[in-house]
Engineer: 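Sharing a structure, written as structure tokens. Questions coming.
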Amino acid sequence: MQHVQTKFRSHTCGQLRSGDIPRKVQLAGWVDSYRDHGGLVFIDLRDREGVTQVVFDPDSCGKDVHDIARSLRTEWVISVEGEVEDRGADDKGRSLHNAKLATGDIEIRARAITVLSQSPTPPFLPSDEGVSEERRLKYRFIDLRRPDMLETLRVRYQLTRIMRDFLGSQGFWEIETPMLTKSTPEGARDFIVPSRHQPGNFYALPQSPQLFKQLLMVSGCDKYMQIVRCFRDEDPRADRQAEFTQLDLEMSFVDREDVIGVVEKLTAEIWKGILGKEVSLPIPHITYDVAMDTYGSDRPDLRFDMQLHNITDIAHTTDFGVFKSAPMVKCIVVPDGSKMTRAQTDGLAEWAKTFGAKGLAVTKVAATGFDTGVAKFINPVAAQIIERTGAKEGDLLAFAADKPKVVHKVLGELRLKLARDLNIKPKADFAFVWVIDFPAFEYDAEEKRFVALHHPFTAPKDDELHKLDSREVDVVESIKAKAYDLVLNGSEVAGGSIRIHRMDIQSKVFSLLGIDVEAQRAKFGFLLDGLQFGAPPHGGIAFGVDRWVMLLRGTDNIRDVIAFPKTQSGADLMCGAPSSIDDRQLRDTHIRVNLPPKVETPKA
RNA sequence: GGGCGCGUAGCUCAAUUGGUUAGAGUACCGGACUGUCGAUCCGGAUGUUGCGGGUUCGAGUCCCGUCGCGCUCGCCA
């Protein structure tokens, strides 16, 4: 990396080695720590690139400089001039090199110093461990000084740079799309922005540039990409927040495998560029149906087995009411799970209830048949179940009996939980898989209408178009879409689809979703216009950049990979957003705040 | 919106069944010290126990409310 010399420094704090002896240099940075021996003063000087020890010896720097050195405190910002010298050995001949530092063979013998900034005692030091996240977020600028955090920012930049470089080499253009856009009826809750010019009207922040990128295809841009901020006003989780970043891309004249091919090459570039590892291509495909059936999830973690076994037919032959009456009964085999105590298995049942299950049936595999739990109800079919599941003595069987949706949710989550809790050794560090053939639509019993599983612009598979006129739940739910998700270690890291490029089909889909012609014009008129005036077949995908950085850095906290993240309540603890605004700002936009009455409590 | 957990010195934590003046490490301040790198040694200062109310002779501790933070279910096309 080329480093820019300035009047403050000739080198960075991570740069100098024994080969630089006896060069005259100037470094600038933060005082990471100081060790004052009365005579010698040692300063560890830190910048983005590393740490270099500076020694102030009154015999070589003079009294004035030495006095300043003694007054330095942590996190002051200084610039130092001196010579690079070997650290040598002590009087007993022991090397004074420090193996913990990349620059540990050398030090700077200071000749001059400039204090560029002082600092009071900081709320915490970059080297402090275990500082609460609340403190770290309030003083994020200090938190980000930690080498680990700077490294994450570097990796994040490296990632987006590889994305831009690779896609650029494949003919993609990065094109910006509006941040102030139109609220969409489907999907997540929008963040809204009032319009001053049009009182009573609102922009929405984009949930994704979906429609714009499709229209760019209509425009003949052919290959579009953008690293873009997206906004969804929904409650956060450990791995998601309301404001997040996507690598968005779209291509013309393609079908599913064309998009997948580009994305796989990009993935391999990222893996090589950042982790120095090869991704073996092609990445395997699994259909949605198989993923749900086998792993209970549409984003299966393939690093370990513990697959779901369907024993509905066997369960229905028992006299066990729970099994007999359930629409679906599945189980997983927990290797060596007999070791679990009654308290632990009871705990699992409680835990299962949080996912809407009525409970979780377990039993242990003994030498002959089942033991404990629901054994007495199902022992007559023990041989059949053991044969189907391949369970061995000492294993634990966990059953879910319910509607398919609940069975899959509970066992899918249980699989992940047990892999964590029991420390089941992964078969690989990283397991990529494409999940394909998603259902296009799902019937929403509460709203009594069909909803799009991916989004309403996803193309159904070619041989299923005739089903779009049906309104029968079974028929409509059987329509497969040209949608695909790239899944890594149980995390959806990219998702996309081939889009509908014919207006007649798009209209049919809107109708199926219960959006009448008038609403179609009002909400999506511009898209329909675009499709009407010559749209090429097109499709694309979006990568969750934050999640990629999390995986590359091995963190499960999204806030670790965002420079200035938000808390669970959407607050920025550093700048204090969101906050009230001036009356003037409210007047300009004709907004009156109407809060429910609230108990006044002084701020903590 | 629901469930669970946390909130004590700048920071990380402790404080027995509710019981004396709320402690420790570190950071900080002063002093000593010429090869440290978690420097060392001597000395010092440091509190709205998140906030409000209640129970009690007595509350960091128990109860109610509230605020903040985290995990999570719902939600996230």
Side-chain angles (χ1 to χ4, degrees), chain A residues 32-44 51-60 66 70 73-75 87-92 94-101 103-104 107 109 120-125 127-139 142 184-190 207-208 210 230-242 244 350-357 409 413 417 438 440-442 444 446 450-458 481 483 492 495 497 509 513 544 556-557 559 566-569 571 573 598-604:
Chain A
D32 196 54
S33 68
Y34 58 90
R35 295 173 293 281
D36 181 354
H37 288 238
L40 292 180
V41 176
F42 297 95
I43 298 287
D44 283 349
V51 172
T52 300
Q53 175 168 283
V54 181
V55 57
F56 292 84
D57 183 339
D59 298 335
S60 46
H66 185 253
R70 296 196 69 187
R73 291 296 177 268
T74 48
E75 300 308 303
R87 289 206 189 181
D90 65 15
D91 44 18
K92 288 175 186 127
R94 283 180 297 231
S95 167
L96 290 169
H97 292 195
N98 184 349
K100 290 181 199 162
L101 288 182
T103 62
E107 64 191 351
R109 177 158 295 268
T121 306
F124 58 91
L125 295 176
S127 55
D128 284 345
E129 284 169 27
V131 178
S132 73
E133 196 169 16
E134 209 172 338
R135 290 287 88 184
R136 290 173 51 200
L137 291 178
K138 165 115 177 126
Y139 300 98
I142 293 172
T184 49
E186 302 278 307
R189 194 178 290 114
D190 286 321
Q207 294 183 27
S208 82
Q210 182 61 36
C230 303
F231 306 87
R232 294 176 192 171
D233 191 2
E234 299 290 350
D235 286 354
R237 281 292 181 279
D239 64 349
R240 86 184 190 222
Q241 70 161 33
F244 61 100
E350 278 310 303
W351 169 88
K353 287 180 186 167
T354 63
F355 298 101
K409 178 75 181 166
E413 293 290 341
K417 178 181 168 62
F438 279 80
F441 311 102
E442 205 177 28
D444 185 327
E446 253 175 55
F450 292 105
V451 293
L453 205 75
H454 188 55
H455 57 51
F457 321 109
T458 303
E492 182 203 325
S497 63
V509 168
L513 295 173
D556 51 13
N557 178 351
R559 294 174 298 279
K566 293 186 165 50
T567 68
Q568 196 146 97
S569 61
L573 294 180
K598 218 174 179 182
V599 187
E600 278 294 318
T601 311
K603 260 215 147 191

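Because only heavy atoms are used, hydrogens play no part in the values below, and waters and symmetry mates are left out as well, while side chains stay in.
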Engineer: Rounded to whole Å, how long is the line connecting atom CG of A:D59 with atom C1' of B:rU34?
Structural biologist: 8 Å

Engineer: Checking A:S497 now: which residues fulfil side-chain contact (heavy atoms from CB on, under 4.5 Å) with it, not counting sequence neighbours?
Structural biologist: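 Partners of A:S497 by the side-chain contact (heavy atoms from CB on, under 4.5 Å) criterion, ordered by chain and then number, come out as A:H454, A:H455, A:T458, A:A483, A:R499.
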
Engineer: If the condition is salt bridge (Lys or Arg N to Asp or Glu O under 4.0 Å), which residues does A:R136 pass it with, not counting sequence neighbours?
Structural biologist: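 Partners of A:R136 under the salt bridge (Lys or Arg N to Asp or Glu O under 4.0 Å) test: A:D143, A:D560.
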
Engineer: Between A:G356 and A:L137, which residue's closest nucleotide on RNA chain B lies nearer the 5′ terminus?
Structural biologist: A:L137

Engineer: Using the P atom in both, what is the distance from B:rG25 to B:rG19, to the nearest Å?
Structural biologist: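 Their P atoms lie roughly 24 Å apart.
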
Engineer: Describe the nucleic acid contact of A:L453 in one word from base, sugar-phosphate, nothing, applying a heavy-atom distance below 4.0 Å.
Structural biologist: sugar-phosphate

Engineer: Sort out the partner of B:rG52 for me: Watson-Crick or G-U wobble, both distances under 3.5 Å, none otherwise.
Structural biologist: B:rC64

Engineer: Look at A:E134 together with A:K138 and state whether they make a salt bridge at an N to O cut-off of under 4.0 Å.
Structural biologist: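 No, no charged N to carboxylate O under 4.0 Å.
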
Engineer: Counting just side-chain N and O atoms, does A:R237 come under 4.0 Å of either OP1 or OP2 of B:rC73?
Structural biologist: yes

Engineer: Once you apply the 3.5 Å cut-off to both distances, tell me the Watson-Crick or G-U wobble partner of B:rC37, or none.
Structural biologist: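 Here B:rC37 is not engaged in any pair, so there is no nucleotide opposite it.
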
Engineer: From B:rG30, B:rG74, B:rG70, pick the nucleotide closest to the side chain of A:Q568?
Structural biologist: B:rG70

Engineer: Does the side chain of A:Q207 come within less than 4.5 Å of A:E234's, by heavy atoms?
Structural biologist: no

Engineer: With a 3.5 Å cut-off and heavy atoms only, can you find an N or O donor on one side and an acceptor on the other between the side chain of A:D235 and the base of B:rG74?
Structural biologist: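 Yes, the side chain and the base share a sub-3.5 Å donor-acceptor pair.
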
Engineer: Side chain to side chain donor-acceptor pair (under 3.5 Å) with A:D59: which residues, sequence neighbours excluded?
Structural biologist: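 Side chain to side chain donor-acceptor pair (under 3.5 Å) check on A:D59 returns nothing, list empty.
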
Engineer: Using a cut-off of 6.0 Å, state whether more than 12 heavy atoms not belonging to A:D556 lie near its atom CG.
Structural biologist: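 Open.
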
Engineer: With heavy atoms under 4.0 Å as the rule, sort A:D233 into base, sugar-phosphate or nothing.
Structural biologist: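 Nothing, no nucleic acid heavy atom in range.
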
Engineer: Give me the atom names and distance for the closest heavy-atom approach of A:D44 to A:R35.
Structural biologist: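 That closest heavy-atom pairing would be OD1-NH2, 3.1 Å.
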
Engineer: For B:rC69, does OP1 or OP2 lie under 4.0 Å from any side-chain N or O of A:T567?
Structural biologist: yes

Engineer: Categorize A:S569 for me: base, sugar-phosphate, or nothing, with a 4.0 angstrom heavy-atom threshold over every strand shown.
Structural biologist: sugar-phosphate

Engineer: Using only modelled atom types and a 3.5 angstrom limit, is any donor from either the side chain of A:R232 or the base of B:rC75 paired with an acceptor on the other?
Structural biologist: no

Engineer: My understanding is that only residues two or more places apart in sequence, or in another chain, count here; which of them pass side chain to side chain donor-acceptor pair (under 3.5 Å) with A:R237?
Structural biologist: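 With neighbours one apart ignored, the set is empty.
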
Engineer: With rounding to whole Å, what would you report as the distance between B:rG7 and B:rG60 at their C1' atoms?
Structural biologist: 11 Å

Engineer: On a whole-Å scale, what distance lies between the P atoms belonging to B:rG47 and B:rA9?
Structural biologist: 11 Å

Engineer: Where the side chain of A:E134 is defined as all heavy atoms beyond and including C-beta, which of B:rG74, B:rC69, B:rC71 is the nearest nucleotide?
Structural biologist: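 Taking heavy atoms from C-beta onward, the closest nucleotide is B:rC69.
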
Engineer: Given atom CZ of A:R189 and atom P of B:rC76, what is their separation to the nearest angstrom?
Structural biologist: 9 Å

Engineer: For B:rU20, what is the paired nucleotide under Watson-Crick or G-U wobble rules, both distances under 3.5 Å?
Structural biologist: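 B:rU20 is unpaired by these criteria.
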
Engineer: Using atom P in both nucleotides, what's the gap between B:rU55 and B:rC67 to the nearest angstrom?
Structural biologist: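 That atom pair is separated by 23 Å.
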
Engineer: Quick test: give all pairs of protein nitrogen or oxygen and nucleotides 11-14 of chain B nitrogen or oxygen below 3.5 Å, distance rounded to 0.1 Å.
Structural biologist:
unit_1: B:rC11; atom_1: O4'; unit_2: A:P123; atom_2: O; d: 3.3
unit_1: B:rU12; atom_1: OP1; unit_2: A:S132; atom_2: N; d: 2.7
unit_1: B:rU12; atom_1: OP1; unit_2: A:S132; atom_2: OG; d: 3.1

Engineer: Reading nucleotides 38-45 of chain B 5' to 3', which nucleotides get B (base under 4.0 Å from a protein heavy atom), which S (sugar-phosphate only), which -?
Structural biologist: SB------

Engineer: Under 3.5 Å, is there any donor-acceptor pair linking the side chain of A:R109 to the base of B:rG35?
Structural biologist: yes

Engineer: Report the residue (A:E107 or A:E413) whose heavy-atom-nearest nucleotide on RNA chain B is the more 5′ of the two.
Structural biologist: A:E107

Engineer: Tell me every residue that passes side-chain contact (heavy atoms from CB on, under 4.5 Å) with A:K417, counting only those two or more places apart in sequence or in another chain.
Structural biologist: A:L348, A:W351, A:R420, A:D421

Engineer: Please enumerate all residues that pass side chain to side chain donor-acceptor pair (under 3.5 Å) together with A:T121, with sequence neighbours excluded.
Structural biologist: none

Engineer: Going by purine N1 to pyrimidine N3 plus the second Watson-Crick contact, or the G-U wobble pair, all under 3.5 Å, which nucleotide sits opposite B:rC71?
Structural biologist: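 Pair assignment: B:rC71 / B:rG3.
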
Engineer: Give one of base, sugar-phosphate or nothing for A:R559, where a contact means two heavy atoms less than 4.0 Å apart.
Structural biologist: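 Result for A:R559 = sugar-phosphate.
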
Engineer: Please give, in whole Å, the distance from B:rG74 P to A:F355 CZ?
Structural biologist: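 Between P of B:rG74 and CZ of A:F355: 7 Å.
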
Engineer: When you compare B:rU26 with B:rA14, how far apart are their C1' atoms, in angstrom units rounded to a whole number?
Structural biologist: 14 Å

Engineer: Looking at B:rG25, which nucleotide sits across from it as a Watson-Crick or G-U wobble partner, both distances under 3.5 angstrom, or is there none?
Structural biologist: B:rC11

Engineer: What nucleic acid atoms does A:A571 come within less than 4.0 Å of, heavy atoms only: base, sugar-phosphate, or nothing?
Structural biologist: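 Contact class for A:A571: sugar-phosphate only.
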
Engineer: Sequence neighbours excluded, which residues qualify as side chain to side chain donor-acceptor pair (under 3.5 Å) partners of A:K353?
Structural biologist: A:E350

